[in-house]
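These notes concern the structure reproduced below.
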Amino acid sequence: MAGRSTLYEEIYAIIRLIPAGKVANYGQIAEIHGGCGARQVGYALNNLRNQDTIDEVPWQRVVNARGEISMHGAGAGSFIQREILAEEGIEFDMKGRIDFSIYRWVPELGVRDDSATSG
DNA sequence: TCCCTGACTGGTT
DNA sequence: AAACCAGCCAGGG
């Protein structure tokens with residue numbers, strides 16, 4: 001492995017900003033990062049399985065653009081993810097989808113920086 | 001370095 | 001709405 005992965009660490013840092021009760025999609029994390037794609041976010045999360053900081057990163061709050069939980073962890077991980085989100089108060093559709101209009105994480109105008117707070 | 005893979009996304013049919 | 005295809009960038013052998 002690459003030992004220190006700055007890209008991954010930055011992605012983890014962004015994900016750590018997601019509060020309980022909210023979710024974000026891979027593309028959103030990538031967009032906030034501004035230097036990688038949605039796949040890289042998923043790739044980082046996959047690598048998270050090898051990190052000791054996995055307990056410090058709310059990976060469960062990251063879902064796909066359709067509000068669905070992507071398959072991972074041989075399928076078991078997906079199940080666990082849903083369980084944890086349910087514990088956080090996330091509601092699932094009959095088809096197992098999350099309503100982004102309700103649970104979408106909205107960064108507080110300046111996760112990176114703000115220059116339009118003149119109001 | 002090249003090729004394949006991967007917890008994704010958007011457009012078309 | 002579901003299925004299929006192409007684009008995207010990074011990591012390992």
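Note that the structure is a prediction, hence the values are computed from the model and not measured.
Rounded to an integer number of Å, the gap from A:Glu68 CD to C:dA1 P is 11 Å. Look at CD on A:Glu9: it is 12 Å from P on C:dG11, rounded to the nearest Å.
Of the residues in residues 88-95 of chain A, none lies under 4.0 Å from DNA chain B by heavy-atom distance.
Cluster membership check: A:Ile54 shares its hydrophobic cluster with A:Ile84, using side-chain heavy-atom separations under 4.5 Å among Ile, Leu, Val, Met, Phe, Trp and Tyr. A single hydrophobic cluster is seen to contain both A:Phe79 and A:Leu48, as judged by linkage of ILVMFWY side chains at heavy-atom distances under 4.5 Å, directly or through other members.
Residues satisfying the side chain to side chain donor-acceptor pair (under 3.5 Å) criterion with A:Gln28, sequence neighbours excluded, are A:Arg104. Partners of A:Asp99 according to the side chain to side chain donor-acceptor pair (under 3.5 Å) rule, which considers only residues two or more places apart in sequence or in another chain, are A:Ser101.
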Response to the item:
In 5'-to-3' order, the base (B), backbone-only (S) or no-contact (-) status of each nucleotide in nucleotides 7-13 of chain B, using a 4.0 angstrom heavy-atom cut-off, is BBSS---
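A heavy-atom distance below 4.5 Å is not found between the side chains of A:Tyr26 and A:Glu31. Inter-residue side-chain proximity for A:Ile32 and A:Trp105 is flagged as met; some heavy-atom pair is nearer than 4.5 Å.
The environment of A:Asp93 atom CG is dense: over 12 non-hydrogen atoms of other residues, nucleotides or ligands sit within 6.0 angstrom.
The other residues sharing a hydrophobic cluster with A:Val23 are A:Val63, A:Ile69, A:Leu85, A:Ile90, A:Phe92, A:Ile98, A:Phe100, A:Ile102, A:Tyr103, where clustering joins ILVMFWY side chains under 4.5 Å apart.
In this structure, A:Arg97 contributes its side chain and A:Glu68 its backbone to no donor-acceptor pair below 3.5 Å.
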Worksheet item: Yes or no on side-chain hydrogen bond (donor to acceptor under 3.5 Å, both in side chains) for A:Gln51 and A:Glu56, after CA distance, side-chain angles and deciding distance?
Response: CA-CA 10 Å; A:Gln51 301 295 329; A:Glu56 300 179 29; over 6 Å; no
Fill in: Pairing pattern in dot-bracket form [Watson-Crick, G-U; both distances under 3.5 Å; | = partner strand] for DNA chain C
.||||||.|||||
